[in-house]
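Here the structure is a predicted model, which means the values were calculated and not measured.
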Amino acid sequence: MAQFNIQKLMKQAQEAQAKMAAAQEELAASTVDASAGGGMVKVTIRGDNQLVSVTIDPTAIDPDDISLLEDMILAAVNEAGRSVAELASSKMNSVTGGIDMPNIPGLM
């Protein structure tokens, strides 16, 4: 019968926690760019989901059609958000080896 080694298990858990923390720091420092309207609206979002910048081409501003500009901004921000989620998933998979982790508060 194999012996259960609690110290070895604790060390592995600490190493995994350190790798997760490093991956989260790397993710927070990463940025994702997205655009809409053929590049008329561009946004940059950090890996911690903070909107960093919005750039609007002046030709995208039509006082008679503000809703089009609003839609382009929404589309660009939503696309960047999806890209951040994919990046986060990729970074966490690299730490966990692709194992599905339970949704534990504070880990993601």
For Gln17, is the CD atom crowded, meaning more than 12 foreign heavy atoms sit under 6.0 Å from it? no
Nearest heavy-atom contact between Ala88 and Leu27 is CB-CD2, 3.5 Å
Here the gap from Ile61 atom CD1 to Leu68 atom CG, rounded to the nearest 0.5 Å, amounts to 11.5 Å
Heavy atoms of Lys42 and Ser35 approach each other most closely as CG-CB, 3.9 Å
Only one of Asn78, Val32, Val54, Thr55 passes side-chain contact (heavy atoms from CB on, under 4.5 Å) with Val43, and that residue is Val54
Count I, L, V, M, F, W, Y as connected when their side-chain heavy atoms are under 4.5 Å apart, and connections chain through other members. Are Leu51 and Leu74 then in the same cluster?
no
Minimal heavy-atom distance between Ser30 and Leu87, with the atoms involved, is CB-CD2, 3.8 Å
The complete set of salt bridge (Lys or Arg N to Asp or Glu O under 4.0 Å) pairs with one or both residues in residues 22-36, sequence neighbours excluded, reads Glu26-Lys91
Closest heavy-atom pair, Ala80 versus Ile45, reported as atoms and distance to 0.1 Å, is CB-CD1, 3.4 Å
Contacts satisfying salt bridge (Lys or Arg N to Asp or Glu O under 4.0 Å) that involve residues 62-90 (not counting sequence neighbours) are Glu79-Arg82
Legend entry - Side chain to side chain, Ile73 and Ile56, heavy atoms closer than 4.5 Å: yes
In terms of heavy-atom contacts, Met92 and Ala23 come closest through CE-CB, 3.6 Å
Minimal heavy-atom distance between Met72 and Val41, with the atoms involved, is CB-CG2, 3.7 Å
